[in-house]
Amino acid sequence: MSGDQVQNDSQIEADFRANDSHKHKKDKEHKEHRHKEHKKDKDREKTKHNNSEHRDPSEKKHKEKHKDVEKHKDGEKHKDGEKHKDGEKHREEKHKDGEKHGEKHREEKHHREKDGEKHKDKHKDKDREKRKEKIKSSSGNVKIKKENGFTSPPRIKDEPVAEGYTFSPAANEKPIKRPRDDDDDMDYKPKKIKTEDVKKAKKRKQEEVDVKPKGKNKSKIPEKAADGKKRKVKKEEEEKWKWWEEERHADGIKWKFLEHKGPVFAPPYEPLPENVKFYYDCKPVKLSPKTEEVATFFAKMLDHEYTTKEIFRKNFFKDWKKEMTSEEKSLITSLSKCDFNEMGQYFKVQSEIRKNMTKEEKQKIKAENEKTLQEYGFCIMDSHKERIANFRIEPPGLFRGRGDHPKMGKLKKRIMPEDIIINCSKNSKIPPAPPGHKWKEVRYDNKVTWLVSWTENIQGSIKYIMLNPSSRIKGEKDWQKYEIARRLKSCVDKIRNTYREDWKSKEMKARQRSVALYFIDKLALRAGNEKEEGETADTVGCCSLRVEHIKLYPELDGQEFVVEFDFPGKDSIRYYNKVPVEKRVFKNLQLFMENKQPEDDLFDRLNTSILNKHLQDLMEGLTAKVFRTYNASFTLQQQLKELTNADDNVPAKILSYNRANRAVAILCNHQRAAPKTFEKSMQNLQTKIDAKKDQLLDARRELKSAKADAKVRRDERTRKMLESKKKAVQRVEEQLMKLEVQATDREENKQIALGTSKLNYLDPRISVAWCKKYGIPIEKIYNKTQREKFAWALDMAEEDFVF
DNA sequence: TCGAACACTTAGTAACCCCATA
DNA sequence: TATGGGGTTACTAAGTGTTCGA
């Protein structure tokens, strides 16, 4: 490192120190108390983390397993970490030069900036105050879910753009051409409904399994299929609506015709039988229906940890009392004296009874559900029958917030027709409200996609009934999302250069923005919107990170400039990561943290709207979220390229796919609780593997003796026997390998959820292209629902697709 | 201009269903 | 045929980002 650089860095630091100190003095007095409280929380957290250390052994096991599989499958490497490091170093060196630039006017500019930022500071301070108060009043400790056990997510960036890559126009730049057949105005009537119904779909699915699209031909008719079947499949293919080949609606218009049957309400409360009693202070008490209903919500959750949590109990009891009659209120004054066990037991028995129903009874229920689905589960949107995602109104119950949610246990009220807003076409058949009731409102807004909405009573937020992901309206948006991410690919280098430049900006705001953006890009952090204090669990994203969420190490484990992140993210899932960063980032972080308390905002001059406004200037349609999509899809494509071995068999290739998928899930921090049956199922699998190994030994022994036999006898029968023994060995070897691959996959997946990234972040065309290239049936990668959601990608992506 | 409201996507979990196996 | 277990689906909470209106 040059002397110039050192001087430069310290100069910059001095500048900012002088500039920011006023603000921090001002804040300091307010912070002390909060700091203490947070320290307490931290300690509690530590205990929690220690408790979760049982994960480590599995990690070891994981590594050993990994080795095992490599015996079967050469060329698979997990060198992501190192590769990433190298890339970073390279980038850092590239940008070391030219950092020195006019500092003469820096101070002057800072003063100017200071004024502009005063307002923002006010808001941040307000938030901090609120947080402080909340911490004071809440006895709740910050409980973060288990550590994921990974330090640095596998990342490979700075990869050159693949050769032959052609940039595809973004969805919002040019509409996809093909005249729409329903291009009339709002008042038109639906024509023939074109989408298949569920039964048909089921039938089709059966046939679809055989259909393995290969090659450039867009038609997916199986070559081997018998003529009749061929025709049938072809016919159904034609019936399937290819909305992606049609022109989209004009901007802002979501549909031109919408008709549906309204929502399905939760069944009314059925009072408990007389013999099932609630006890208060050991004495049976007959509760009024309303009180009893709320009591059953609690009784149904007795086995759950929730009911032991103080906040949950407190909130529940408070809301329960609101439902009680005045006599009940005066009698039932303590939750600890309430005995719900008999009620809880009753529900357990009911559930057992349901499980043990006869086949016929189960069939009957299934048929009823199917009938409801057919009646309420579809709507007509622009001449097409589309599946609704959630046509049932959420039933009443107790609110189960995630993490340390301050409102857990509160009563989620029963939604009545009077709470419901219906959205549909004016000229459609408007769904009637249930007898004796009326809707809150009937609206005809075709600039939104929802069919039904209501406001829930816990947070006061609006809930919606919307269409299934397989619908046109959702699919188009999904496709567009990936097109925006692909557009980012073409300008990401420029954006990265820009934010690097901003690390040395004279403006604090620009520096914070650029460091935050670096985290969002490098670590796929979420934007981190500001949240209302006391309304939700204390979770953060990038812009809302606080000083207490990171630790800086000038050197750690032989690496320079390491940042340790430890914070509760979305759903209170812990994000824990140690990342070496570039020196300038590190220095900036030191600066941002100076004179701040642990509970202060790391980026006190930044919020998501400032960040997104800036991103919008860099690229149309760019928001923080796009980086996650872009980096996830880019990583998948890159990892698939690196991990797939063309000579592997199908299970090994699928393992490679899952590993690529896993790299993305780790990057995005998609964790899951290890399945309860995990250890047992691994054990069972191991037993199977051992048995298969024995079987292989036997088969090999038999082969050996058959060989000896064949040498001596040399007749046809012995030769045939030898052949069959050879085949047997081969078969058992394959079976063993399959089991071992399965075990590795399962072990590696213990606490990682692949589904979220697969469904929301990975451009499906990458997977489709990969399947086509390596002859993998798409059903091995996407199940039926996923294939329906990604129908557009299945149809349009060829083997040469590049994200 | 800012906070609130709104619309929509992303997320993990639990219930359900179905298939392989004994 | 019963059972266990894993995959799938339903559910709904918790995010992001845009729009609205004071």
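Everything numeric in this text was worked out from a predicted model, so none of it was measured. Residue numbers start from 1 in every chain, and the chains themselves are labelled A, B, ... in the order their sequence lines are given, proteins ahead of strands.
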In this structure, how many angstroms lie between the [atom2] atom of [N] and the [atom1] atom of [X], rounded?
X	N	atom1	atom2	result
Lys481(A)	dT9(B)	NZ	P	8 Å
Glu620(A)	dG17(C)	CD	C1'	15 Å
His670(A)	dG15(C)	NE2	P	13 Å
Phe678(A)	dG7(C)	CZ	C1'	16 Å
Leu622(A)	dT18(C)	CG	P	10 Å
His405(A)	dG15(C)	NE2	P	8 Å
Arg387(A)	dA10(C)	CZ	C1'	10 Å
Phe312(A)	dA13(C)	CZ	P	12 Å

So which nucleotide from [options] ends up closest to the side chain of [X]?
X	options	value
Asn783(A)	dC6(B), dT8(C), dT10(B)	dT8(C)
Tyr464(A)	dC6(B), dG15(C), dG17(C)	dC6(B)
Lys474(A)	dA13(C), dT10(B), dT9(B)	dT9(B)
Thr623(A)	dG12(B), dA13(C), dT18(C)	dT18(C)
Asp571(A)	dT10(B), dA14(C), dA7(B)	dA14(C)
Arg443(A)	dC8(B), dA7(B), dT18(C)	dA7(B)
Met466(A)	dC8(B), dT12(C), dA11(B)	dC8(B)
Glu394(A)	dG17(C), dT10(B), dT12(C)	dT12(C)
Trp450(A)	dC8(B), dG12(B), dG6(C)	dC8(B)
Ala673(A)	dC18(B), dT13(B), dC8(B)	dT13(B)

Validation row, ring centre Tyr376(A) to ring centre Phe391(A) under 6.0 Å: no
Ring-ring centroid check His670(A) Tyr761(A), cutoff 6.0 Å: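 Yes; Tyr761(A) has its ring centre under 6.0 Å from that of His670(A).
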Does [N] have OP1 or OP2 under 4.0 Å away from a side-chain N or O of [X]?
X	N	result
Gln459(A)	dA14(C)	yes
Lys254(A)	dC8(B)	yes
Thr539(A)	dG15(C)	yes
Arg400(A)	dA14(C)	no
His304(A)	dA14(B)	yes
Thr608(A)	dT16(C)	no
Tyr761(A)	dT9(B)	no
Lys625(A)	dT10(B)	yes

Side-chain donor-acceptor contact under 3.5 Å, His249(A) with Asp382(A):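 There is such a pair between these side chains.
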Upstream residue (5' side of DNA chain B) when Thr455(A) and Arg526(A) are each assigned their closest nucleotide: Thr455(A)
Residue met sooner reading DNA chain B from 5', once Arg628(A) and Val448(A) are mapped to nucleotides: Val448(A)
Salt bridge (Lys or Arg N to Asp or Glu O under 4.0 Å) between Glu483(A) and Arg765(A), worked out: CA-CA 11 Å; Glu483(A) 287 307 308; Arg765(A) 290 168 295 185; 2.7 Å; yes
Under 4.0 angstrom, heavy atoms only, what part of the nucleic acid is [X] near: base, sugar-phosphate, or nothing?
X	answer
Gly528(A)	sugar-phosphate
Gly569(A)	sugar-phosphate
Asn612(A)	sugar-phosphate
Lys407(A)	nothing
Lys613(A)	nothing
Pro469(A)	nothing
Ala389(A)	nothing

Ring geometry between Phe519(A) and Phe565(A) (parallel below 30°, tilted from 30 to 60°, perpendicular above 60°):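 Perpendicular: the ring planes of Phe565(A) and Phe519(A) meet at over 60°.
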Glu456(A) versus Lys463(A), closest heavy-atom pair with distance: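 Heavy atoms of Glu456(A) and Lys463(A) come nearest at CG-CE, 3.7 Å.
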From CA spacing to verdict: side-chain hydrogen bond (donor to acceptor under 3.5 Å, both in side chains), Glu370(A), Gln374(A): CA-CA 6 Å; Glu370(A) 181 63 30; Gln374(A) 286 306 321; 2.9 Å; yes
Donor-acceptor under 3.5 Å (Asn661(A) side chain, Ser757(A) main chain):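 Flag not set: sc Asn661(A) to bb Ser757(A) has no pair under 3.5 Å.
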dT10(B) base / Lys570(A) side chain donor-acceptor hit below 3.5 Å: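 Checked by distance alone, the answer is yes.
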